[in-house]
Amino acid sequence: MALQHSPSGAITSVRPLGVDLLGTLTHTILKAKQLELIRIVLLAGKEMREHKVSGEITVQCIEGFVEFRALEKTLLLKAGDLVHLESNEVHALKAIESSSILLTIRL
């Protein structure tokens, strides 16, 4: 079953997945004209290779522990931590622990 995007005015949970983390896939929560929200699920040891996005982004660790590489730095994000990047900054993610991350992209 495909996950539906969140409609305007609806409440959408971005709480930690807890025991459902291992069975959840990365999915788009919302895609609007100027904004996209994606829940990224990375299991321990998995990574997203270096890439860049044409809009500004925020990356918020919802649960777990991830290594975030950008701007010639490595940041360790734990639950509740958030980082912002300007447009077209190369970055990568690696899950130290199984994690869910909320990615916000300004389109």
Handout entry: Residues that E67 engages under salt bridge (charged side-chain N to carboxylate O under 4.0 Å, His left out), provided they are two or more places apart
Key = R69
Exercise for the section: Any chance you could pull the hydrophobic cluster mates of L76, using side-chain heavy atoms under 4.5 angstrom and chaining through other members? Expected result: F65, I96
Does any part of the side chain of [Y], heavy atoms only, come nearer than 4.5 Å to the side chain of [X], both counted from C-beta?
X    : Y    : result
I101 : I62  : no
L77  : V59  : yes
L22  : L43  : yes
T104 : R106 : no
I105 : T58  : no
V83  : L75  : yes

Using modelled atom types only, decide if a donor and an acceptor are shared between the side chain of [X] and the backbone of [Y] within a distance under 3.5 Å.
X   : Y   : result
S98 : A44 : yes
E63 : L17 : yes
S87 : S54 : yes
S13 : R15 : yes
S99 : A95 : no

Exercise for the section: Start with the C-alpha gap between T28 and H5, add the side-chain angles, then the distance that decides, and say whether side-chain contact (heavy atoms from CB on, under 4.5 Å) holds. Expected result: CA-CA 7 Å; T28 300; H5 292 178; 3.7 Å; yes
Nearest heavy atoms of [X] and [Y], plus distance in Å:
X   : Y   : answer
E86 : E89 : O-CG, 3.4 Å
E47 : L93 : CB-O, 3.0 Å
L82 : Q60 : CD1-CB, 3.8 Å

Exercise for the section: Just do the side-chain contact (heavy atoms from CB on, under 4.5 Å) check on L35 and L30 with the steps written out, would you? Expected result: CA-CA 8 Å; L35 180 69; L30 169 117; 3.8 Å; yes
[atom1] of [X] to [atom2] of [Y]: how many Å apart, nearest 0.5 Å?
X   : Y    : atom1 : atom2 : answer
I40 : L103 : CD1   : CG    : 4.5 Å
C61 : D81  : SG    : CG    : 7.0 Å
K94 : F68  : NZ    : CZ    : 16.0 Å

Handout entry: side-chain contact (heavy atoms from CB on, under 4.5 Å) between L25 and V41, worked out
Key = CA-CA 6 Å; L25 299 175; V41 176; over 6 Å; no
Practice task
Would you kindly say whether H91 and E50 are connected by a side-chain donor-acceptor distance under 3.5 Å?
Solution key: no
Practice task
Test side-chain contact (heavy atoms from CB on, under 4.5 Å) on E97 and V66 and set out the steps.
Solution key: CA-CA 7 Å; E97 298 175 356; V66 295; over 6 Å; no
Completion exercise
So the side-chain hydrogen bond (donor to acceptor under 3.5 Å, both in side chains) pairs with at least one residue in residues 29-46 (sequence neighbours excluded) are R39-S100
